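Following: one structure in C-alpha cells, then a few remarks.
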Amino acid sequence: TAAEAFEPPVVRRYRIADDCLRAEPTKPAVVEAASGATLTYGELDARSARLANHLAGGGVAPGERVAVKLSQSVDMAIAVLGVLRAGGVVVPLSNVLATGGLLHRLGDADPRLLVCSGNAEERQLAADAGVTLMTVDRLAQVVASGSTSVTPATPGDADEPALLLYTSGTTGKPKGVLQAHRFLLGHHALDLAFDRVRPDDIAYSPVDWTWAGGLMLGLLVPLAHGLTVVAHREAGFDPDATMAMMQRHDVSIGLFPPTVLRMVREAGAMNGDVVRNSRLRAFVTGAEAVEPELIDWADGCGVTVNNAYGQTEANALVGHAACLGRLDQRSMGRPYPGHHVEVLDDDLSPVAVGVAGQLAVRADDPVCMLGYWNQPEATAVKVVDGWLLTGDTAHRADDGTLWFHGRGDDIIKSGAYRLGPAEIEAAVLTAPGVLHCAVVGLPDPIRGQVVTAAVELAPGVDGDDALADAIRDRVRRAVGAHAYPRIVRFVDRLPRTTTGKIDRTTVRTELAGAGQPAGGGVR
C-alpha cells in the first residue's frame, strides 16, 4: 500500500551538499566519539564552503576526481561535502586497502588530489601514483579562513556525477561505479528502514564511510535528515566498548551489518537492560543473509532490525520496514516505495510468481549508477534494455515478498565487505610453489561467509602451515587485511569447466560438503 501510494517526484535539480546542509546551523552535525570534536551544521557549511572555494581556485574543474582517504571524522565530512560543492567527484579510499589496491584505484580514477592524513606511507603512495597530496594539516589551514560564499560550479543537475565508488568483481580489478548526485535522493525510503527517522535521532555505524553503504547510511543519509552523526572507527571491533560509546552519545539508529550484530550478541553486549538505559531503537542491516534468530534476539532486546538489500551499482532497493508491518524474516522483504524491482527471465521478461529469475531494477531509478568508469563494455552487460541487472537470483511470493536464492556470480560477502575473488587469487598466485588457486566464500556463523582459498601446488611442493601463512600474508599486503583467506586448503587438483576454466561453483560445493576438500585431498 505504501508503494502504491508513493509517486516519486521528478527532481531535475539536486545537489548532495545542499541536501546535507539544510539543518539548523547551531545543531551538531558530526561528533567524533574519541576526541570529542564537534562540528555544527553551520560550521560544516562554512568549512566545506572554504574548501570548495580553495579547490575551485586551485583548478579543480567540474567532474574532476578528488580522492579522499580518511577515516570517520569531521575532516572526512568536510572533505566529502567540500569536493561536491566544488563540482568535483569524490573517490573514497579505505584505509584497510593495501598499496596495490590503492594504486589501482588512483591510477584508474586519475584524481586531481588525494586528501589524507599525510603519513609517510601516504606520501610515498601519492608520489608513486603521481597525485598531489592534501594532508589534514593543510586541510585545517584551508578551512580556517576564506570566503564562505560558493558560486555553484555546475547547473546542479541531479544526474551530474558525484561519487566514484570502487566495487569488486569476479574477474579483473575492482571497477569504478560512477554515481550521480541523485544517488542520495534515491535513498529516501531508508526513512522506513529506520522505522521512520525522528528529528532527535543520533546516527552511528561502524561501517567504513569509504564504502557505499557506510558513506550513505553512516554519513550522508543522516545529514540529509538533519541528524547528528557520531564518527568513530576502531582498528578492531569491540562490542562492549562500542555499546558503551553509543550509550554515552545517545545513539538511536545506525547501519549494523549482520556480522557486527552477531559479535554484539555473542559478547552479550546488548540486552534489555542496556537498551532501556540507552536511546537505541532501530538498526538497518544487510550485505548478507540474516537469520531470523538474529532479528528475534534484537527484538527481544527492544531494538528493531530491518534488513535492506542493494548494491554499489543500485542501493537500498528491497527490504523490511517494521513500521509498515512485519514480513517473514526469512525473506528479502519487498521493494521499497519508489523502486521498480522485477524478477526477470533470460529474455528480460517478468517471471510468474514462485519462479526464480534475476533481480533487476529500472535503470532510470535514482540509485542506479551512471555506469562503470571508463568501461562501456562492462556497463553494457550490467544495464540492458532499460534494466540494471543485479546478478542475483530470487523469486516473488504471492504476497509480494522477494525470496533470495543466491548470487549469479562469485562475489564473497564477508562481514561488511564485498570481495571479488580475482584480486585475491592474483595475490595467492604470487606465493612460491602455487600453481593454481580458487577463492570462494564458505558459510560462517559470524561473518556470513569466510574467505577460503583452494590451492593447487606445483609438483614436489608440500603444503604446510608455513606456506598457508605465507599465502595469507601475500593477500594482506596486496589486497588488504580485510580480504585474506582465513581458510587455506591445499588440493591435488582444482575442478575445471568444459572450457578449461577453474570451476568455483564446484570448489565451493566440495569444500562445504561434509568437510570434503575440493579436487581430491588435502596434502
Side-chain angles (χ1 to χ4, degrees), residues 167-175 257-259 262 286-291 309 311-312 330 332 356-359 389-395 403-429 431 434-457 463 467-468 471-472 474-476 478-480 482-523:
T167 185
S168 295
T170 55
T171 59
K173 297 282 189 179
K175 296 188 289 289
T259 295
R262 294 183 192 111
E288 61 183 90
V290 183
E291 64 274 24
Y309 164 86
Q311 300 180 337
T312 305
R330 298 168 297 172
M332 298 175 69
Q358 182 173 187
L359 275 174
L389 308 176
T390 68
D392 293 338
T393 304
H395 79 268
W403 291 74
F404 188 75
H405 285 220
R407 292 204 57 83
D409 55 29
D410 296 308
I411 290 296
I412 301 166
K413 290 186 174 181
S414 182
Y417 302 106
R418 185 175 183 267
L419 306 171
E423 59 180 339
I424 302 174
E425 289 170 352
V428 173
L429 289 169
V434 173
L435 191 61
H436 304 290
C437 74
V439 171
V440 299
L442 295 184
D444 181 80
I446 298 297
R447 299 177 176 275
Q449 288 184 308
V450 60
V451 180
T452 303
V455 179
E456 183 179 330
L457 298 175
L467 180 54
I471 288 170
R472 295 184 183 103
R474 294 279 176 136
V475 177
R476 287 189 187 98
V479 185
H482 64 303
Y484 79 91
R486 293 173 181 269
I487 299 174
V488 176
R489 293 280 186 89
F490 297 109
V491 303
D492 291 331
R493 173 182 50 81
L494 286 170
R496 295 181 178 272
T497 66
T498 55
T499 59
K501 295 181 180 180
I502 292 175
D503 186 351
R504 292 197 192 101
T505 300
T506 299
V507 170
R508 185 165 44 245
T509 300
E510 292 186 356
L511 286 177
Q516 294 298 316
V522 175
R523 291 205 298 268

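These figures come from a predicted structure and were not determined experimentally.
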- In short, Gly286 meets Pro258 closest at the heavy-atom pair O-CD, 2.9 Å
- Item | Backbone of Gly391 reached by a side-chain donor or acceptor of Gln358 within 3.5 Å | yes
- The single option from Asp444, Val488, Ile487 passing side chain to side chain contact (heavy atoms under 4.5 Å, CB included) against Thr452: Ile487
- Any donor-acceptor pair under 3.5 Å linking the side chain of Ser414 with the backbone of Gln449? yes
- Task: Measure the shortest side-chain to side-chain distance between Leu457 and Val434 over non-hydrogen atoms and say whether it is less than 4.5 angstrom.
- Result: yes
- Task: State, to 0.1 Å, how close Ala483 and Ile424 come at their nearest heavy-atom pair, and which atoms those are.
- Result: O-CD1, 3.6 Å
- Closest non-hydrogen atom pair, Val451 against Tyr484: CB-O, 3.8 Å
- Just jot down the side-chain contact (heavy atoms from CB on, under 4.5 Å) partners of His395, sequence neighbours excluded, or say none. Trp403, His405
- Message: To check you understand the geometry: which heavy-atom pair defines the closest contact between Arg472 and Arg486, and what is its length?
- Response: NH2-O, 3.3 Å
- Query: Quick one: are Val439 and Pro485 in side-chain contact, heavy atoms under 4.5 Å?
  - Reply: no
- For the student: nearest non-hydrogen atoms of Phe404 and Ala394, plus distance: CA-CB, 4.1 Å
- Query: With sequence neighbours excluded, what pairs up with Arg476 under the side-chain hydrogen bond (donor to acceptor under 3.5 Å, both in side chains) test?
  - Reply: none
- Note on the structure: Rounded to the nearest 0.5 Å, the OG1 atom of Thr167 sits from the NZ atom of Lys175 at a distance of 7.0 Å
- Query: Taking the side chain as C-beta and beyond, is there a heavy-atom pair between Asp392 and Gln311 under 4.5 Å?
  - Reply: yes
- Query: For Arg474, what residues pass the salt bridge (charged side-chain N to carboxylate O under 4.0 Å, His left out) criterion, not counting sequence neighbours?
  - Reply: none
- Who pairs with Arg330 by salt bridge (charged side-chain N to carboxylate O under 4.0 Å, His left out), at least two apart in sequence or on another chain? Asp328
- Query: Side chains of Pro421 and Val440: does their closest heavy-atom pair fall under 4.5 Å?
  - Reply: no
- Item | Shortest non-hydrogen contact between Leu494 and Ala454, atoms and distance | CD2-CB, 3.7 Å
- Note on the structure: Contacts of Leu435 meeting side-chain contact (heavy atoms from CB on, under 4.5 Å) (sequence neighbours excluded), chain-then-number -> Glu456
- Check whether any side-chain heavy atom of Val491 lies under 4.5 Å from a side-chain heavy atom of Val507, and answer yes or no. no
- Message: Tell me every residue that passes ring pair (Phe, Tyr, Trp, His ring centres under 6.0 Å) with His436, counting only those two or more places apart in sequence or in another chain.
- Response: none
- Message: Checking Arg504 against Glu425 for the salt bridge (Lys or Arg N to Asp or Glu O under 4.0 Å) test, could you report, in this order, the C-alpha distance in whole Å, the side-chain angles of both residues, the deciding distance, and whether it holds?
- Response: CA-CA 12 Å; Arg504 292 197 192 101; Glu425 289 170 352; 3.0 Å; yes
